[in-house]
Amino acid sequence: MAAKGGPTNFEKEQMFGMAEKEMEYRVDLFNRLTQTCFDKCIEKRYKEAELNLGENSCIDRCVSKYWQVTNLVGQMLGNRPQM
């Protein structure tokens, strides 16, 4: 029997499962962002060990746009009627 006001074992399992899914989503999002911006901004043949100014700028813009779009899509999905 759970203590008064405390979550039950089932509720704890649900919270853990939700946290696990959230972590998987964030890792996937980070991996997709990294791969997308790398493919777009970094030349296939490396010329230097460090990123040049153009590559840095491209990555900054790419990451910024990626987050803006991700947030916009999330807001749109959150505001749509439930089926």
Side-chain angles (χ1 to χ4, degrees):
M1 191 164 172
K4 277 190 175 179
T8 65
N9 284 338
F10 178 72
E11 291 170 330
K12 287 179 184 178
E13 286 178 24
Q14 278 187 317
M15 288 188 289
F16 182 75
M18 288 172 31
E20 208 171 33
K21 287 289 184 193
E22 178 70 17
M23 183 58 111
E24 289 172 7
Y25 167 77
R26 290 184 183 273
V27 167
D28 181 57
L29 180 65
F30 176 78
N31 289 337
R32 284 185 286 130
L33 175 136
T34 302
Q35 191 62 52
T36 299
C37 293
F38 182 87
D39 291 344
K40 180 178 181 176
C41 298
I42 308 300
E43 292 186 34
K44 303 300 179 226
R45 290 182 43 183
Y46 300 122
K47 296 178 183 174
E48 304 167 9
E50 302 291 324
L51 295 175
N52 64 38
L53 184 61
E55 291 168 333
N56 269 321
S57 296
C58 180
I59 289 171
D60 285 342
R61 286 191 311 273
C62 181
V63 170
S64 177
K65 287 179 183 179
Y66 200 96
W67 281 120
Q68 287 175 350
V69 168
T70 300
N71 289 332
L72 180 62
V73 169
Q75 288 173 0
M76 292 174 74
L77 290 174
N79 290 336
R80 75 178 193 184
Q82 297 296 317
M83 293 185 177

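Remember, it's a predicted structure, so these values are computed and weren't measured experimentally.
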For residues 44-58, dump all side-chain donor-acceptor pairs below 3.5 Å to protein atoms at least two apart in sequence or in another chain.
{"from": "Lys44", "atom 1": "NZ", "to": "Asp39", "atom 2": "O", "distance (Å)": "3.4"}
{"from": "Lys47", "atom 1": "NZ", "to": "Glu43", "atom 2": "OE1", "distance (Å)": "3.4"}
{"from": "Asn52", "atom 1": "OD1", "to": "Gly54", "atom 2": "N", "distance (Å)": "3.0"}
{"from": "Asn52", "atom 1": "OD1", "to": "Glu55", "atom 2": "N", "distance (Å)": "2.7"}
{"from": "Glu55", "atom 1": "OE1", "to": "Asn52", "atom 2": "N", "distance (Å)": "2.9"}
{"from": "Ser57", "atom 1": "OG", "to": "Leu53", "atom 2": "O", "distance (Å)": "3.1"}

Open item on the list: Is there a path of hydrophobic side-chain contacts, each under 4.5 Å between heavy atoms of I/L/V/M/F/W/Y residues, joining Leu33 to Leu72?
Closed with: no
Open item on the list: Test: side chain to side chain donor-acceptor pair (under 3.5 Å). Region: residues 65-75. Which pairs qualify, not counting sequence neighbours?
Closed with: none
Task: Residues Cys37, Cys62; criterion disulfide (SG to SG under 2.5 Å); working and verdict - done: CA-CA 6 Å; Cys37 293; Cys62 181; 2.1 Å; yes
Under 3.5 Å, which donor-acceptor pairs link side chains of residues 14-31 to any protein atom two or more places apart or in another chain?
{"from": "Glu22", "atom 1": "OE2", "to": "Arg26", "atom 2": "NE", "distance (Å)": "2.8"}
{"from": "Glu22", "atom 1": "OE2", "to": "Arg26", "atom 2": "NH2", "distance (Å)": "3.0"}
{"from": "Asp28", "atom 1": "OD2", "to": "Arg32", "atom 2": "NE", "distance (Å)": "2.9"}
{"from": "Asp28", "atom 1": "OD2", "to": "Arg32", "atom 2": "NH2", "distance (Å)": "3.2"}
{"from": "Asn31", "atom 1": "ND2", "to": "Val27", "atom 2": "O", "distance (Å)": "3.3"}

